[in-house]
Amino acid sequence: MNKRRVWVAVAVVTAGVSGVGVLCGFPGGSGGSGSGQDKPVAGPVRTHVRSAALEVDGDHAEIPQRDTQPFSLVGLSWTKPAADLPGSVEVRARSAGSGDWGAWKSLDVGGRGAVAEESRRGATEPAWVGSSDGVQVRVDGRGSTLPAGLRLEMVDPGKGAAAADPEPAAYAVDAEPSDEVTATPSDTVTTAPEEGESTSPPPADDSASPSPGESTSSSAPAATTTPSASSSVSSSASPAATVPPAPTSKAPKPVIVTRAQWGADESLNDEAPGYGTEIKVVFVHHTVDANTYTCAESAALVRAIRAYHIKSNGWKDIGYNFLVDKCGTIFEGRKGGVDQSVIGAHNPGFNTNSAGIAVLGEYSSIDASAAAKSSVAQIAAWKLGQYRHDPAGKVDLTASMDNGKFKLGQTASFYRISGHRDGYFTECPGNKLYASVPEIRALAGGPVTGLALKPFTGAGLSGTTAYTKGSLTVNWTTTTASAFIRRFDVLVDGEVATTGGPTATSAPLTLTPGSHTLAVRVTHISGKTTVTPDTTVVAETTAPTFSTKPSLSLRTGTVDTTAVPVTLGWKGADNSTLKEVRLTKPSAHTYGPTVTSAALTANSGTAGTWSMTAYDYAGNTASASLTATPTILQETSATRTGTWATKASSSYLGGKSYSSTAKNASLTWTFTGRSAAWVVSRAAGSGQADIYVDGVKATTVDMKSATTSYRTVQWTKTWSASGAHTVKIVVTGTPGRPTVTTDGLVYLK
């Protein structure tokens, strides 16, 4: 094979600032739980970009398996930025930890001219491979001519403070060990150029000043004093650029990890940022890196992408304005001020007056995390909100160049939040993330979704009307995260009665007596509002009543020495709506508003208190009670006439009963009470008896039963008030079954 000689270019980014505070971890993004980085970053972090030319043979090129200096991100570049790289590019790396070779990764060759407004070289999208110390590359041009100047770019993003990261020796990757080179004093190794490739390295910058508008944090001081938004950005290589005033946004600013916090070394590039006049559109990207990175590696990944963009593509700075990791942490991208309309290098023809937000990872077959999408929506809402643009709206833009999808001067219509592919011929941001752009747009543009009232605290709901004594707590829920909510308003009769912040889920409220309409209104950060349907709320303090006072009466059933069957009766009422009636003594039961009686049992021979409370839906109450004593009168206490025989059995009350077959035999009991019940035994041969109350025949009772039963209440009588009464039973002598067996009388005192 006719192999071209391989030389190596080593670009070493060194720290240019000292005396920087230690950052003990990044704040998590507003939409996620990521911590960003779990190791301190003490100022700018030295980043190493090392290049190795490929062995080219016709339409194929490669780097065989070779040892390398440490790196974590790789990509392929070539001389002319507009040249196409046909076919496929695959790379694999050897893990520095395990020593195992990873699977082959395909590098996205994309379309050329993607950043032609800045590019000095063509390049694939980079790929994150993690900490590695060996590499292998293969390029298949599939019959087409490969572009000149093919070289592999390997980026070591560094681990922390520059002083703790020693400078590596120069090295070579080639089939011939003799192809070794020596570093120059400027830390840049001269390459043996390919045909048409420039031998001039990118200019260096010894300035480490942060971007205009860059903020500092008390927990993580910036490397240098931050200039105001109205200051100028100067450079040894570029004229000063005037920083325009930064307008305030109608949407809140999310938490953003600054360049100083993620360790950007500002001496890596010396070009001043460019500025547009506003942000008209936000383009969503993915970085086509591995999705297996940890959120502790995110800052390193951002540093690596930035170094790749500068040293491999030849851009001014990292192409994106913001980057978001899968934990939702937001990173400041291109320098110039997060609150400025900084011109990036992310969508050719539409870089001016736009913002590029890239999600770290590759999202063709999997979607970005909910935390990442939430953070993208937050930053998009904030940037568009600076210029009062509706994130859910559209805008017409004019292409500033031919980019393969739009011609120079062509007008294109975009949603205010669009995918990269909407403005350029690319698969970015991947099919899955692109399908989620409408979701991101809805989050950023509103309105709030899923707003619903929950049951009030301190009020009862009957149908669609709530009742309260006056003080209540209004509760609600939404499906939209609080990061996209400006405030909640509780409306009473159409007027704001109280207000809650974006995280509020309830609010206390006091109403004047009467009927009111109540609703909750939520305002999205975009200003759009959502209101619940009106609920009628009645404030009233009138207590319910017992229109029929609680009373107790004996009922049919089985009597024993400890339990007597009784009926508890009552009737509750309310001026609005009765909710329930509760029995609290001698046992606990709850009854609906239309229930007026209950079958219960009472302890015989014991004076018992029966307490009840009526409730209306507002929580007003009324109480009532009664006292009753069920008393058992044995048959032996009755006045007898005729013949009666004594029967003994444990089935009888007290173990005994009276039985008679004699016609007109009688038993008479005298008592003072308000309810009475005759207790008998029943069987197939039982006969009939006449019952007289206070000397007047009341009824004839037939004791015949297909099954035998004992201690059975066969007849009852209740009076409206307690008084003296007599109950007399008379055997009728029923033909064929004359027997009457009595077990006594029960009455209520």
Side-chain angles (χ1 to χ4, degrees), residues 551-561 563-567 569 597 599 602 604-605 628-647 649 651-654 656-706 708-749:
S551 63
L552 206 63
S553 61
L554 296 170
R555 63 177 175 85
T556 58
T558 301
V559 177
D560 61 36
T561 56
V564 175
V566 295
T567 296
S597 66
S604 60
T629 306
T631 302
I632 298 175
L633 297 175
Q634 294 286 352
E635 65 280 356
T636 56
S637 66
T639 300
R640 291 177 292 171
T641 64
T643 303
W644 293 89
T646 300
K647 290 186 175 182
S649 172
S651 298
Y652 300 130
L653 289 172
K656 293 180 180 181
S657 70
Y658 280 167
S659 180
S660 178
T661 60
K663 185 177 180 178
N664 295 324
S666 68
L667 294 175
T668 302
W669 291 274
T670 300
F671 61 90
T672 299
R674 59 176 177 266
S675 186
W678 181 33
V679 184
V680 301
S681 294
R682 302 181 66 192
S686 298
Q688 297 177 339
D690 293 330
I691 300 179
Y692 293 81
V693 178
D694 297 331
V696 179
K697 183 179 177 180
T699 188
T700 298
V701 176
D702 193 340
M703 271 71 73
K704 182 180 179 179
S705 173
T708 301
S709 62
Y710 302 92
R711 307 182 312 280
T712 301
V713 174
Q714 185 67 9
W715 167 87
T716 65
K717 172 68 176 178
T718 299
W719 295 270
S720 59
S722 180
H725 300 283
T726 61
V727 173
K728 179 180 179 181
I729 62 168
V730 180
V731 179
T732 62
T734 309
R737 50 182 183 92
T739 304
V740 172
T741 302
T742 178
D743 213 1
L745 189 82
V746 180
Y747 72 94
L748 288 177
K749 289 184 178 179

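- Panel note: side chain S604, backbone T631; no donor-acceptor pair is recorded below 3.5 Å.
- Between the side chain of R555 and the main chain of P565, no donor-acceptor pair closer than 3.5 Å is present.
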*Please assess S722 against T672 for the test side-chain contact (heavy atoms from CB on, under 4.5 Å), listing each intermediate value before the final yes or no.*
CA-CA 7 Å; S722 180; T672 299; 4.1 Å; yes
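- In this structure, CG in L633 is found 12.0 Å from CG in L667, a value given to the nearest 0.5 Å.
- Atoms OG and NZ, on S553 and K717 in that order, are 12.0 Å from each other to the nearest 0.5 Å.
- Rounding to the nearest 0.5 Å places OG1 of T700 at 12.0 Å from CH2 of W715.
- Between I691 and V727 the shortest side-chain heavy-atom distance falls below 4.5 Å.
- Checked by atom type and distance alone, the side chain of D743 pairs as donor or acceptor with a backbone atom of L653 at under 3.5 Å.
- Side-chain contact, T718 with S675: a donor N or O sits under 3.5 Å from an acceptor N or O.
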*Go through the steps for T699 and Y692 under the test side-chain contact (heavy atoms from CB on, under 4.5 Å), then give the verdict.*
CA-CA 7 Å; T699 188; Y692 293 81; over 6 Å; no
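- In terms of modelled atom types and a separation under 3.5 Å, the side chain of Q634 and the main chain of K656 share no donor-acceptor contact.
- In this structure, CD in E635 is found 9.5 Å from CZ in R640, a value given to the nearest 0.5 Å.
- Between M703 atom CE and T741 atom OG1 the span is 8.0 Å, to the nearest 0.5 Å.
- Of all heavy-atom pairs spanning A628 and R674, the tightest one is CB-NH2, 3.3 Å.
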*Evaluate the criterion side-chain contact (heavy atoms from CB on, under 4.5 Å) for residue pair S660 and V740; output intermediate values, then yes/no.*
CA-CA 5 Å; S660 178; V740 172; 5.6 Å; no
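- Ring orientation note: the planes of Y652 and Y710 are nearly perpendicular, at an angle over 60° on the 30°/60° scale.
- For the pair R711 (side chain) and V559 (backbone), a donor-acceptor distance under 3.5 Å is present.
- Shortest non-hydrogen contact noted between T739 and S659 is CG2-OG, 3.3 Å.
- Residues T708 and R682 form no side-chain contact, since every pair of their non-hydrogen atoms from C-beta on lies 4.5 Å or further apart.
- Between W669 and I729 there is a side-chain heavy-atom pair separated by less than 4.5 Å.
- Scanning both residues, S686 and A683, for their nearest heavy atoms gives OG-N, 2.9 Å.
- Atoms CD1 and OG, from I632 and S637 in turn, are 11.0 Å apart once rounded to the nearest 0.5 Å.
- Among residue pairs with one or both ends in residues 686-695, those qualifying as salt bridge (Lys or Arg N to Asp or Glu O under 4.0 Å) are D690-K697; sequence neighbours excluded.
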*Could you go step by step and tell me if Q688 and D702 meet the side-chain contact (heavy atoms from CB on, under 4.5 Å) rule?*
CA-CA 4 Å; Q688 297 177 339; D702 193 340; 3.2 Å; yes
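- Scanning for ring pair (Phe, Tyr, Trp, His ring centres under 6.0 Å) contacts around Y658 gives an empty result, with sequence neighbours left out.
- Residues A602 and P630 approach most closely at CB-CG, 3.6 Å, considering heavy atoms.
- In plain terms, the two heavy atoms of A677 and L745 that are nearest each other are O-CD1, 3.3 Å.
- Within the 4.5 Å cutoff, side-chain heavy atoms of L554 are placed close to those of L748.
- One side chain, T742 or W678, offers a donor N or O that lies under 3.5 Å from an acceptor on the other.
- In this structure T641 satisfies the side-chain hydrogen bond (donor to acceptor under 3.5 Å, both in side chains) test together with S666, sequence neighbours excluded.
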